[in-house]
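Here is the naming used below: chain letters follow the sequence lines, and residue numbers restart at 1 for every chain.
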Number of protein chains: 2
Amino acid sequence: MRRKPTLKDLSERLGLARSTVSRALRDDPQIAAATRERVRALAAELGYRPNAAARALTRRRAQVVGLMLPRSSALVFANPYFSELLLGVSSRAEQAGFPLLLSTAPDPDFTGWLREGRVDGLLVLGSSITDADVPGLNRLLEAGYPVVAIHAAPRALQVVSVGSNERAGVWQALAHLQQLGHRRVALLSGPRGSRYAERRIRAFRSGLETYGLEADASLLVPTDDSREGGAAACRRLIERGVPFSALIADNDLVALGALDVLREAGRCVPGEVSVIGFDDTPLAAVASPALTSVRQPTRRLGEIAFDALLALMAGESVASVRLATQLVVRESTGPYVPSGGAP
Amino acid sequence: MRRKPTLKDLSERLGLARSTVSRALRDDPQIAAATRERVRALAAELGYRPNAAARALTRRRAQVVGLMLPRSSALVFANPYFSELLLGVSSRAEQAGFPLLLSTAPDPDFTGWLREGRVDGLLVLGSSITDADVPGLNRLLEAGYPVVAIHAAPRALQVVSVGSNERAGVWQALAHLQQLGHRRVALLSGPRGSRYAERRIRAFRSGLETYGLEADASLLVPTDDSREGGAAACRRLIERGVPFSALIADNDLVALGALDVLREAGRCVPGEVSVIGFDDTPLAAVASPALTSVRQPTRRLGEIAFDALLALMAGESVASVRLATQLVVRESTGPYVPSGGAP
DNA sequence: TTGTAGGCGTTATCAC
DNA sequence: GTGATAACGCCTACAA
């Protein structure tokens with residue numbers, strides 16, 4: 001592979017100093033128009049491009065931002081949710097001239113890229129941060145490295161985060177079901193023990209109380225956030241003979257799994273059971289019956305997260321953001337009809 | 001932000017030469033075990049990490065590979081197809097220790113990253129390469145830069161490509177329809193003029209002949225590869241009164257659009273019209289009726305593309321690959337039933 | 001086994 | 001306006 005041309009090559013062929021050439025290429029106002037043109041012409045001819053590493057070394061910034069989407073967390077790309085997020089982030093990053101360095105490692109090294117100077121700022125999925133990661137990340141944050149968490153991160157982490165108001169989302173779902181007359185609502189939650197799941201479970205419990213719905217521990221089933229997981233959870237509910245006339249799933253995939261099982265079991269949706277998904281991914285609209293789902297403004301979230309990071313990198317101070325969710329009502333929810341199972 | 005520790009810092013605090021420290025950290029066999037431990041201990045204590053830019057500068061490699069998924073081409077992330085691809089690529093990249101630099105710019109600069117030394121190799125979506133890009137890319141390839149195209153690239157480009165056998169895919173779809181007794185099959189193709197679409201149109205035409213199906217120019221409608229585009233195309237077909245009993249869509253989204261319109265129009269699928277999608281994305285299984293679709297081994301494609309790139313970077317010679325497609329039969333195709341429209 | 005002395009390609013700081 | 005020169009942080013001969 002032929003050597004790439006460098007500033008030195010240009011300067012020698014032009015009989016100019018390297019510094020002059022460098023300035024000419026970045027149109028420094030103090031350079032004579034004539035020489036600037038000479039330099040640019042040759043640069044174009046040789047196909048010169050400044051070396052990124054050398055530039056990063058002297059400027060002390062890589063002009064890259066990192067995005068960590070650990071595969072472990074919620075199947076990443078298999079979940080359309082992440083596509084949306086990536087779309088939001090990447091569109092802004094592109095505009096700002098910061099390519100994205102992407103990691104999907106199951107067990108991510110949150111601090112490495114930043115400390116190596118590989119990236120100037122970092123976007124992380126808050127839900128993928130474990131308690132074990134907190135001390136390292138906190139040290140980094142205290143040292144002033146720009147980091148933004150997407151979705152809520154552990155409380156102990158002093159990080160700027162950008163997310164949606166999940167509590168309100170859960171309540172919107174419950175309010176809708178209550179208005180339809182439902183009283184026994186199941187929750188197919190996320191993996192037991194994940195902060196993320198716990199948060200929604202808390203929201204669910206308090207919502208039950210607020211809306212005067214029945215609280216019953218057997219209505220709460222954990223899943224692994226996949227379609228199969230949703231199916232398994234729903235099956236468990238049915239096999240145990242737990243009466244319920246509506247269910248809220250942790251995401252649209254889980255809801256689809258539940259739909260599969262309800263169909264198998266001959267329970268009509270929404271005739272006998274109402275189903276609500278979460279995230280309002282493209283799958284929701286395609287499903288049959290089309291899913292009522294709690295929309296998170298995912299793409300917007302990605303955009304806002306990137307903008308926040310950029311501001312942090314510019315030394316501005318930035319506050320965390322919580323966007324509103326919205327219940328998108330489709331065909332999978334309907335009025336409560338007293339019948340066989342539910343009392 | 002506190003200065004990051006460097007080799008110099010370590011060496012001074014240890015009373016060693018920078019080179020010794022450097023070697024110790026990369027466990028050079030020629031370093032005394034004792035000093036190695038001393039060095040590592042301090043490095044750990046200070047949280048030392050070698051600076052990526054400096055390392056890239058001396059080693060002449062960035063340890064990064066680029067992936068260009070131009071937004072313009074087929075809606076990128078909105079299409080689950082790309083999620084799969086990204087999943088394949090990133091899983092391999094992760095293993096190999098090469099973070100991915102991602103570009104989604106609508107008008108990508110294919111050669112920039114490579115010439116800046118920002119990446120050591122490049123994965124591009126073949127379908128996004130325009131004829132205008134060819135000369136620049138060819139120069140790069142001749143200079144020995146490692147590039148792999150995913151899916152077929154322009155003929156004129158001497159690039160290694162990894163794709164699936166789309167021709168065979170189209171033929172599989174046609175064979176299936178022929179066996180079911182269909183004679184008039186429509187094609188909702190990709191954007192007029194895209195190489196990609198032209199390729200499939202050619203495959204379609206030759207397939208019609210091979211399987212003895214009716215060739216009729218009015219059965220060929222271009223779309224923009226979106227759900228709305230599919231709907232529009234199908235609507236056009238119906239409004240023009242073109243008789244058809246089956247259709248093949250350019251991708252699953254387009255097929256969904258067609259499904260929407262057929263339902264509106266009161267044409268039963270698969271009773272009156274059979275529909276076949278392309279790509280077998282997760283949407284296909286969720287649709288109702290579930291879509292028969294031509295599966296491309298998309299994730300595998302991503303893996304293979306990355307592996308090929310790695311081999312190229314290692315100086316090995318690599319051949320292009322064409323993987324087999326597979327027709328996944330679901331509910332949207334059925335036997336031809338003579339009736340109203342189709343002769 | 002360790003140290004010395006460049007060099008990687010760019011930018012920034014002085015001079016001229 | 002332009003030219004030397006010294007960083008930036010690491011690596012690799014070559015010495016010792």
Side-chain angles (χ1 to χ4, degrees), chain A residues 1-40 42-43 46-64 112-120, chain B residues 1-40 42-43 46-64 112-120:
Chain A
M1 188 160 74
R2 216 168 57 266
R3 229 179 88 276
K4 302 172 180 123
T6 72
L7 274 189
K8 187 146 166 277
D9 299 329
L10 295 193
S11 68
E12 284 171 356
R13 296 194 32 169
L14 290 164
L16 290 170
R18 269 141 63 212
S19 50
T20 307
V21 176
S22 169
R23 286 191 277 243
L25 290 172
R26 285 173 294 138
D27 40 30
D28 184 310
Q30 316 210 271
I31 241 70
T35 54
R36 187 173 59 226
E37 289 321 313
R38 272 209 316 143
V39 171
R40 313 214 118 175
L42 185 63
L46 297 188
Y48 169 81
R49 281 280 212 149
N51 177 284
R55 182 171 266 183
L57 193 56
T58 60
R59 292 198 176 165
R60 273 95 178 287
R61 27 194 272 128
Q63 283 284 347
V64 172
W113 284 354
L114 237 17
R115 294 190 300 152
E116 291 171 350
R118 222 184 242 287
V119 300
D120 303 324
Chain B
M1 190 161 75
R2 217 168 58 265
R3 227 181 89 277
K4 301 172 180 124
T6 71
L7 274 189
K8 186 143 166 280
D9 300 328
L10 295 194
S11 67
E12 284 171 356
R13 297 194 31 170
L14 290 164
L16 289 172
R18 272 142 60 210
S19 52
T20 307
V21 176
S22 167
R23 285 189 276 244
L25 289 172
R26 286 173 293 135
D27 38 30
D28 185 309
Q30 313 209 273
I31 241 72
T35 53
R36 187 173 58 225
E37 289 321 312
R38 271 204 323 139
V39 171
R40 312 214 121 173
L42 184 63
L46 298 188
Y48 169 81
R49 280 282 212 150
N51 178 284
R55 183 170 263 185
L57 194 55
T58 58
R59 292 200 178 165
R60 274 96 178 289
R61 29 194 269 127
Q63 283 284 349
V64 172
W113 283 354
L114 238 16
R115 293 190 300 153
E116 290 171 350
R118 223 183 239 288
V119 301
D120 303 325

Distance in angstrom units between A:Arg59 CZ and C:dT11 P, rounded | 5 Å

Taking C-beta and beyond as the side chain, do A:Leu42 and A:Val21 meet within less than 4.5 Å on heavy atoms?
-> no

Salt bridge (Lys or Arg N to Asp or Glu O under 4.0 Å) involving B:Arg49 - partner list, sequence neighbours excluded = A:Asp109, A:Glu116

Side chain to side chain contact (heavy atoms under 4.5 Å, CB included) assessment of B:Leu16 paired with B:Val39 = CA-CA 9 Å; B:Leu16 289 172; B:Val39 171; 3.9 Å; yes

Starting from P on C:dA12, measure out to CZ on A:Arg60 and report it in whole angstrom.
-> 11 Å

What are the residues of residues 25-34 of chain B, sorted by number, that bring a heavy atom to within less than 4.0 Å of DNA chain C?
-> B:Gln30, B:Ile31, B:Ala32

Over its full length, what angle do the end axes of the helix from C:dT1-D:dA16 to C:dC16-D:dG1 make, each axis taken from five pairs and the result rounded to 10 degrees?
-> 40°

Got a sec, which residues hit side chain to side chain contact (heavy atoms under 4.5 Å, CB included) with B:Ala32, two or more places apart in sequence or on another chain?
-> B:Thr35

Which sits closer to the 5' end of DNA chain C, B:Thr35 or A:Arg55, going by the nucleotide each is nearest to?
-> B:Thr35

Closest contact, heavy atoms only, A:Arg118 versus B:Ala62 | NH1-O, 3.5 Å

Where is the tightest heavy-atom contact between B:Tyr48 and B:Leu10, given as atom of each residue plus distance?
-> CG-CD1, 3.9 Å

The side chain to side chain contact (heavy atoms under 4.5 Å, CB included) partners of B:Arg36 (sequence neighbours excluded) come to B:Ala24, B:Asp27, B:Ile31, B:Ala33, B:Arg40

Selection residues 7-19 of chain A - residue pairs positive for salt bridge (Lys or Arg N to Asp or Glu O under 4.0 Å), sequence neighbours left out = A:Arg3-A:Asp9, A:Lys8-A:Glu12

Can you list the residues that meet the salt bridge (Lys or Arg N to Asp or Glu O under 4.0 Å) rule with B:Glu37, with sequence neighbours excluded?
-> none

What's the spacing between A:Gln63 CD and A:Arg55 CZ if we round to 0.5 Å?
-> 8.5 Å

Heavy atoms only: give me the nearest A:Ser11-A:Ala17 pair and the separation to one decimal.
-> CB-C, 3.9 Å

Starting at atom CZ of B:Arg38, determine the distance to atom C1' of C:dT2, rounded to an integer number of angstrom.
-> 12 Å

Under 4.0 Å from any heavy atom of chain B: name the first and the last nucleotide of DNA chain D that qualifies, 5' to 3'.
-> D:dG9 to D:dA13

On DNA chain D, more 5' by nearest nucleotide between A:Arg36 and B:Leu7 is A:Arg36

Sorted by chain and residue number, the salt bridge (Lys or Arg N to Asp or Glu O under 4.0 Å) partners of B:Asp120 (sequence neighbours excluded) come out as none

Minimum heavy-atom distance between B:Lys4 and A:Gly117, given as atom pair plus value | NZ-CA, 4.0 Å

Residues from residues 9-19 of chain A sitting under 4.0 Å of DNA chain D, heavy atoms only?
-> A:Gly15, A:Leu16, A:Ala17, A:Arg18, A:Ser19

Donor-acceptor pair, A:Arg26 side chain versus A:Ser22 backbone, under 3.5 Å?
-> yes

So which protein nitrogen or oxygen atoms get under 3.5 Å of nucleotides 14-16 of chain C's nitrogens or oxygens?
none

Give the rounded distance in Å between these two atoms: NZ of A:Lys8 and C1' of C:dT10.
-> 13 Å

Residue pair B:Ala56 / A:Ala53: nearest heavy atoms and the distance that separates them = CB-CB, 3.7 Å

Would you mind reading off the distance between A:Asn51 atom CG and C:dT11 atom C1', rounded to a whole angstrom?
-> 13 Å

Those residues at least two apart in sequence (or on a different chain) that pass salt bridge (Lys or Arg N to Asp or Glu O under 4.0 Å) with B:Asp28 are none

